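What you are looking at is a predicted structure, and each value in this text was computed from that prediction instead of being measured. FYI, the numbering just counts along the sequence from 1.
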Amino acid sequence: MIEEFVLTGFPGGHLVHAAMATILLPVYLVTLAGNTFIIVIICMDSRLHYPMYFFLVCLSFVEIFAISTVMCKLLAILISAQRTISKNCCMIQSYIYFFLSSSDFLLLSVMSIDRYVAVCYPLRYYSIMRRNLCIKLAVSCFFISFVCLLPPTIMIAQLPFCHHVLDHFFCDNKAMLKLICVSDISLLNLSSLIASVFILIVPLIITSVSYILIVSEVIRLPSDTGRQKTFSTCVSHFTMVSIVFGSALFIKIRPSGNYSIAIDKTVNLTSTVLGPLLNPFIYTLRNQKVKDCIRDSVKRRSLL
C-alpha cells in the first residue's frame, strides 16, 4: 500500500533550484498582491460595482487559490527539498487545483457572455445582467466544477498504486495514472472525458460563439471610433482567454506520441504562473475605469 508519494519536481542541482526559487517566489508574491489589490479596489469603489467587475473579483479569488495550491509545495521542493507528500494530501491538492482551474474556464466563458450582452444589447445590459443572475452564474461555475471533478478524483483515490515516485512538481492526474497497478481504467477515462467536455469544451464553444457574435456586431458599427472603443472593452478578457484555454488545449489535444513529461511540466508551470500573474495587469492597464479608480484612491490616500 502506497501511503505517500515523492515528487521529482524539476531536474538540476541546488544552484538551479535556488535560481528557480529566486524567480518564482517574487512572482508568487506579486501575483498574490496584484489579485488582492484588484479585489480590494473593486469592493471599495462603488463605480466598479458592475457585473463585469463582479466576475473579475471571482476570477481573482480563483487565481489566488489556484497558484497557492501548487506554488507552496513547489517552493518547498526547490528551497528545502521537501519532496514527500501523503497520498491523501496529494489527492486533495489535485482535486483543489483542477477544481479551481475548471472554475477558471467556466468563469471566463460567463465573462464572454457578459461582454456579448454589453456589446450586442447595450441598452438592455443592466436589465439582463442583474445582480441575482450574476451570483447564480458564478455559483453555477463552482458547482459544475465540483460535480464534474468529484467522480474521477474518487476513482483515482481508490486505485492501487505500485510506485511512489511521481514525476511532476505537483499531483497531476496524468502523472499519477502512470503509477497505478490496474490496466483497465476505461471507466475512469470515460468519467474524465465527460468532465473535460463540461469544463473545457463547452466553455470554449460558448466563448468562441460569443466572440464571433461580438465581431459580427462590431463590424456593422458605422464609425471606426465606435469599433475601436467596443473592441477595447473586450481585449483584456480575450487576452486571458487565449492564455488559459491555449495552454489547456495544448496539453489535452497534443498527440500521445509526442508526449513528454518535461514539456508537460513546463506548460503546467507556465499556465499556473502566467495567468494569475498577468490577470491584474491585463485588467488594470487596459481598463480606463479601473485606472481612474486607482488614481482617485491614491489621491485620497495622499491627502490624508
Quiz prompt | Under 3.5 Å: donor-acceptor pair, side chain of Gln93, backbone of Cys171 | solution = yes
Quiz item: Any sub-3.5 Å donor-acceptor pair from Lys265's side-chain atoms to Gly9's backbone N or O?
Solution: yes
Quiz item: Is a side-chain N or O of Thr36 found less than 3.5 angstrom from the main chain of Ala33, in a donor-acceptor match?
Solution: no
Quiz item: Do the ring planes of Phe170 and Phe98 sit parallel (below 30°), tilted (30 to 60°) or perpendicular (above 60°)?
Solution: tilted
Quiz item: Heavy atoms, side chains only, cut-off 4.5 Å: are Leu56 and Met52 in contact?
Solution: no
Quiz prompt | For the student: nearest non-hydrogen atoms of Thr22 and Ala18, plus distance | solution = OG1-O, 2.6 Å
Quiz item: For the side chain of Arg130 and the backbone of Ser127, is there at least one donor-acceptor N/O pair under 3.5 Å apart?
Solution: yes
Quiz item: Hey, are Tyr125 and Asp114 close enough side-chain-wise for a donor-acceptor pair under 3.5 Å?
Solution: yes
Quiz item: Crowded around Arg47 CZ? As in, over 12 foreign heavy atoms under 6.0 Å?
Solution: yes
Practice problem: Determine, step by step, whether Thr272 and Ser247 satisfy the side chain to side chain contact (heavy atoms under 4.5 Å, CB included) criterion, reporting the C-alpha distance in whole Å, the side-chain angles of both residues, the deciding distance to 0.1 Å, and the verdict. | Solution: CA-CA 10 Å; Thr272 300; Ser247 57; over 6 Å; no
Practice problem: Evaluate the criterion side chain to side chain contact (heavy atoms under 4.5 Å, CB included) for residue pair Asp167 and Lys178; output intermediate values, then yes/no. | Solution: CA-CA 9 Å; Asp167 192 8; Lys178 293 181 176 296; over 6 Å; no
Quiz prompt | Pairwise side-chain contact, Asp104 with Glu63, heavy-atom cut-off 4.5 Å (strictly under) | solution = yes
Exercise. Looking only at non-hydrogen atoms, find the nearest pair between Cys293 and Leu48 and report the distance.
Key: SG-CG, 3.7 Å
Quiz prompt | Over 12 foreign heavy atoms within 6.0 Å of CZ, Phe10 | solution = yes
Self-check item: Validation row: Phe65, Ile96 side chains within 4.5 angstrom (heavy atoms)
Solution: no
Quiz item: Is any side-chain heavy atom of Leu166 closer than 4.5 Å to a side-chain heavy atom of Cys90?
Solution: yes
Quiz item: At what distance, to the nearest 0.5 angstrom, does CG of Leu78 lie from CE of Met71?
Solution: 9.0 Å
Quiz prompt | Centroid-centroid distance, Tyr116 to Tyr211, less than 6.0 Å | solution = no
Practice problem: Give the minimum heavy-atom separation between Pro51 and Met129, together with the two atoms involved. | Solution: CG-O, 3.4 Å
Quiz item: How long is the span from the OG atom in Ser60 to the OH atom in Tyr53, to the nearest 0.5 Å?
Solution: 12.5 Å
Quiz item: Okay, side chain of His49, backbone of Ile42: is any donor-acceptor separation there less than 3.5 Å?
Solution: yes
Quiz item: With the 4.5 Å side-chain cut-off for hydrophobic clustering, are Val147 and Ile92 part of the same group?
Solution: yes
Quiz item: Near Phe198 CZ, under 6.0 Å, is it more than 12 heavy atoms from other residues, nucleotides or ligands?
Solution: no
Quiz item: Which heavy-atom pair separates His168 from Asn268 by the least distance, and what is that distance?
Solution: NE2-ND2, 3.3 Å
Exercise. Show the numbers, then the answer: is there a side chain to side chain contact (heavy atoms under 4.5 Å, CB included) between Met111 and Leu59?
Key: CA-CA 10 Å; Met111 292 174 75; Leu59 188 66; 4.1 Å; yes
Quiz item: Quick one: CD1 on Ile67 to CG on Leu32, what's the gap to the nearest 0.5 Å?
Solution: 7.0 Å
Quiz prompt | CZ (Phe142) with more than 12 external heavy atoms under 6.0 Å | solution = yes
Quiz item: Under 4.5 Å between side-chain heavy atoms, hopping through other hydrophobics if needed: is there a path connecting Val30 to Met20?
Solution: yes
Quiz item: Can you check whether Cys148 reaches Ile194 side chain to side chain, under 4.5 Å on heavy atoms?
Solution: no
Practice problem: State the CD1-CZ distance between Ile113 and Arg115, to the nearest 0.5 angstrom. | Solution: 12.5 Å
Practice problem: Indicate, with yes or no, if Ile135 and Ile128 share a hydrophobic cluster defined by side-chain heavy-atom contacts under 4.5 Å among Ile, Leu, Val, Met, Phe, Trp and Tyr. | Solution: yes
Quiz prompt | Val241 vs Ser112 side-chain heavy atoms within contact, under 4.5 Å | solution = no
Practice problem: Hey, could you give me the SG/CD distance between Cys89 and Glu4, rounded to the nearest 0.5 Å? | Solution: 10.5 Å
Quiz prompt | Hydrophobic cluster identity match, Val165 and Phe161, side-chain contacts under 4.5 Å | solution = no
Quiz item: Just by modelled atom types, is the Gln82 backbone N or O under 3.5 Å from a matching donor or acceptor in the Lys73 side chain?
Solution: yes
Practice problem: Please name the pair of heavy atoms, one in Ala157 and one in Lys87, separated by the smallest distance, quoted to 0.1 Å. | Solution: O-NZ, 3.2 Å
Quiz prompt | Closest approach of Ala21 to Pro26 (non-hydrogen atoms, all atoms of both residues) | solution = O-CD, 4.0 Å
Quiz prompt | side chain to side chain contact (heavy atoms under 4.5 Å, CB included) between Leu269 and Leu274, intermediate numbers included | solution = CA-CA 8 Å; Leu269 181 61; Leu274 194 60; over 6 Å; no
Quiz item: Do Ser145 and Ser103 have a side chain donor and acceptor closer than 3.5 Å?
Solution: yes
Self-check item: Shared hydrophobic cluster for Phe99 and Phe143 (ILVMFWY, side-chain gaps under 4.5 Å)
Solution: yes
Quiz item: Roughly how far apart are Phe169 CZ and Leu74 CG, rounded to 0.5 Å?
Solution: 6.0 Å
Self-check item: Flag side-chain contact, heavy atom, 4.5 Å: Ile64 against Ile39
Solution: yes
Exercise. For residues Phe245 and Pro203, determine if any side-chain heavy atom of one lies less than 4.5 Å from a side-chain heavy atom of the other.
Key: yes
Self-check item: Candidate list Leu204, Val209, Ile199, Ile206, test side-chain contact (heavy atoms from CB on, under 4.5 Å), partner Ser109, passing option
Solution: Ile206
Quiz item: For the side chain of Arg83 and the backbone of Thr8, is there at least one donor-acceptor N/O pair under 3.5 Å apart?
Solution: yes
Quiz prompt | Electrostatic pair Asp172:Lys174 at N-O distance under 4.0 angstrom | solution = no
Quiz item: Can any side-chain N or O of Asn279 pair as donor or acceptor with the backbone N or O of Gly275 at less than 3.5 Å?
Solution: no
